[in-house]
Amino acid sequence: MKDTLDKEQTRAALLELFETLLSRYGALNWWPADTPFEVCVGAILTQNTNWLNVEKAIVNLKREGLLSAEALREIDEGRLAELIRPSGFFNVKSARLKGFVGWLFERYGSLDAMFQGDWIGLREELSAVRGIGPETCDSILLYAGGKPSFVVDAYTRRLFSRLGLMREEDDYHRVRALFMDHLPAEVPLFNEYHALIVEQCKRHCRKKPLCDGCPLTRFCTFLAAGRP
DNA sequence: ATCCTGTGGG
DNA sequence: CCCACCGGAT
């Protein structure tokens, strides 16, 4: 039995996994935010951080009327850090938010302007901004800008390595390419797929797996490999 | 490989 | 108490 899939088999596998997750969890309609700018802020605040903690920080920012690029540009970095304290890493994240809005104004003037035109080029630019790594960048492109850029995170690696479709140590570009090269570049598909991966990993595919009731057991090599 | 950091769950 | 959390920079 061959242990590698060809392109068509990989495409079919990825789509079958998507359909299975979708039928289990339903459409999740990400990102949970009121505006594209709020998505950008959330994407930075959620770096290596539980989303519940991010929500607290977002509530603080909303209460202070700070969920706009203009307001964030004006606020003192130290005060911003205090407001986003619940999201953890507040000093670095405050600097990153200030850096992002500063760059945004200099380079484009507004989010709308930023999302006009070629998003491939924008991806390069965004990635070069301090504190915007590959995942944050793709989250902004997909969930704030509606661009078909697949988002990869630690959950994606954990799930798909356990499914035998990649190695956990594969770098970001390689993992992203698995999806970008085998799936149609459709925003609703990319949007739901990443959200469903997150949901699946919160519910079942944890570090310490909760395989009870997992919708993917029939695809999973993790149990079969006998390595919990 | 280590630092950045609060919060909730087991 | 300990760990994990929708990472990124050095």
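Chain naming here is simple, since letters A, B, ... match the order of the sequence lines and numbering starts at 1 in each. This is a predicted model, so every value here is computed, not measured.
Under the 4.0 Å criterion applied to side-chain N and carboxylate O atoms, Arg85(A) and Glu82(A) are assigned as salt-bridge partners. Residues Asp138(A) and Arg123(A) are paired through a salt bridge, judged by an N-O separation under 4.0 Å between the basic side chain and the carboxylate. Between Glu77(A) and Lys93(A) there is no salt bridge, since no side-chain nitrogen of the basic residue lies less than 4.0 Å from a carboxylate oxygen of the acidic one. In summary, Lys62(A) and Glu38(A) engage in a salt bridge, as defined by a charged side-chain N under 4.0 Å from a carboxylate O. Remark: Arg107(A) engages Glu125(A) in a salt bridge, criterion side-chain N to carboxylate O under 4.0 Å.
In terms of position along DNA chain C, the nucleotide closest to Arg206(A) lies nearer the 5' end than the nucleotide closest to the other residue of the pair Arg206(A) and Gln47(A). Along DNA chain B, the nucleotide closest to Val92(A) and the one closest to Leu52(A) are compared, and the more 5′ of them pairs with Val92(A).
In this structure, of dG6(B), dT5(B), dG8(C), it is dT5(B) that holds the atom nearest to the side chain of Asn91(A). Side-chain proximity of Arg85(A) to dC4(B), dG6(B), dC5(C): nearest is dG6(B). If you check dG6(B), dC5(C), dG8(C) against the side chain of Lys202(A), the one that comes closest is dC5(C). Out of dT5(B), dA4(C), dT7(B), the shortest distance to the side chain of Asn53(A) is found at dT7(B). Distances were taken from every side-chain heavy atom of Lys207(A) (C-beta onward) to each of dT7(B), dC5(C), dG7(C); the shortest belongs to dC5(C).
Less than 4.0 Å separates DNA chain B from no heavy atom of any residue of residues 16-44 of chain A. Contacts between residues 131-153 of chain A and DNA chain B, defined by a heavy-atom separation under 4.0 Å, are absent.
dC4(B) and dC1(C): their C1' atoms are spaced 22 Å apart (whole Å). The gap from the P atom of dG8(C) to that of dT7(B) amounts to 22 Å, rounded to the nearest Å.
Atoms CH2 (Trp51(A)) and P (dG7(C)) sit 11 Å apart, rounded to a whole Å. Counting to the nearest Å, the P atom of dC5(C) and the CZ atom of Arg203(A) are 16 Å from each other. The NZ-P distance, from Lys56(A) to dT5(B), rounds to 19 Å in whole Å. Here the P atom of nucleotide dG7(C) and the CD atom of Glu168(A) are 13 Å apart, to the nearest Å. One atom, CD1 of Ile84(A), and another, P of dC5(C), lie 21 Å apart when rounded to the nearest Å. With rounding to whole Å, Arg176(A) atom CZ is found 17 Å from dG7(C) atom P. With rounding to whole Å, Leu83(A) atom CG is found 15 Å from dG6(B) atom P. Between the CG atom of Asn50(A) and the P atom of dC5(C) there is a distance of 9 Å, rounded to whole Å.
Backbone-only contact: Phe90(A) has heavy atoms under 4.0 Å from sugar-phosphate atoms and none from a base. Here Lys93(A) lies out of heavy-atom contact (under 4.0 Å) with every strand. Within 4.0 Å of Arg158(A), counting heavy atoms only, lie sugar-phosphate atoms of the nucleic acid but no base atom.
Checking Arg79(A) against Ser94(A) by side-chain atom types alone, no donor-acceptor pair falls below 3.5 Å. Side-chain atoms of Glu192(A) and Tyr25(A) include no donor-acceptor pair closer than 3.5 Å. Side chain to side chain, Arg24(A) and Gln200(A) fail the donor-acceptor criterion of an N or O pair below 3.5 Å.
Taking a 6.0 Å sphere around CZ of Arg73(A), one finds it holds more than 12 heavy atoms contributed by other residues, nucleotides or ligands.
Put simply, Arg130(A) has a side-chain N or O that comes within less than 4.0 Å of OP1 or OP2 on dT10(C). Look at Asn48(A) and you won't find any side-chain N or O under 4.0 angstrom from OP1 or OP2 of dA4(C).
Ring centers of Phe219(A) and Phe160(A): at least 6.0 Å apart, outside the cut-off.
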Residue pair Leu80(A), Lys98(A): steps toward the side-chain contact (heavy atoms from CB on, under 4.5 Å) verdict: CA-CA 9 Å; Leu80(A) 177 58; Lys98(A) 295 291 286 181; 4.0 Å; yes
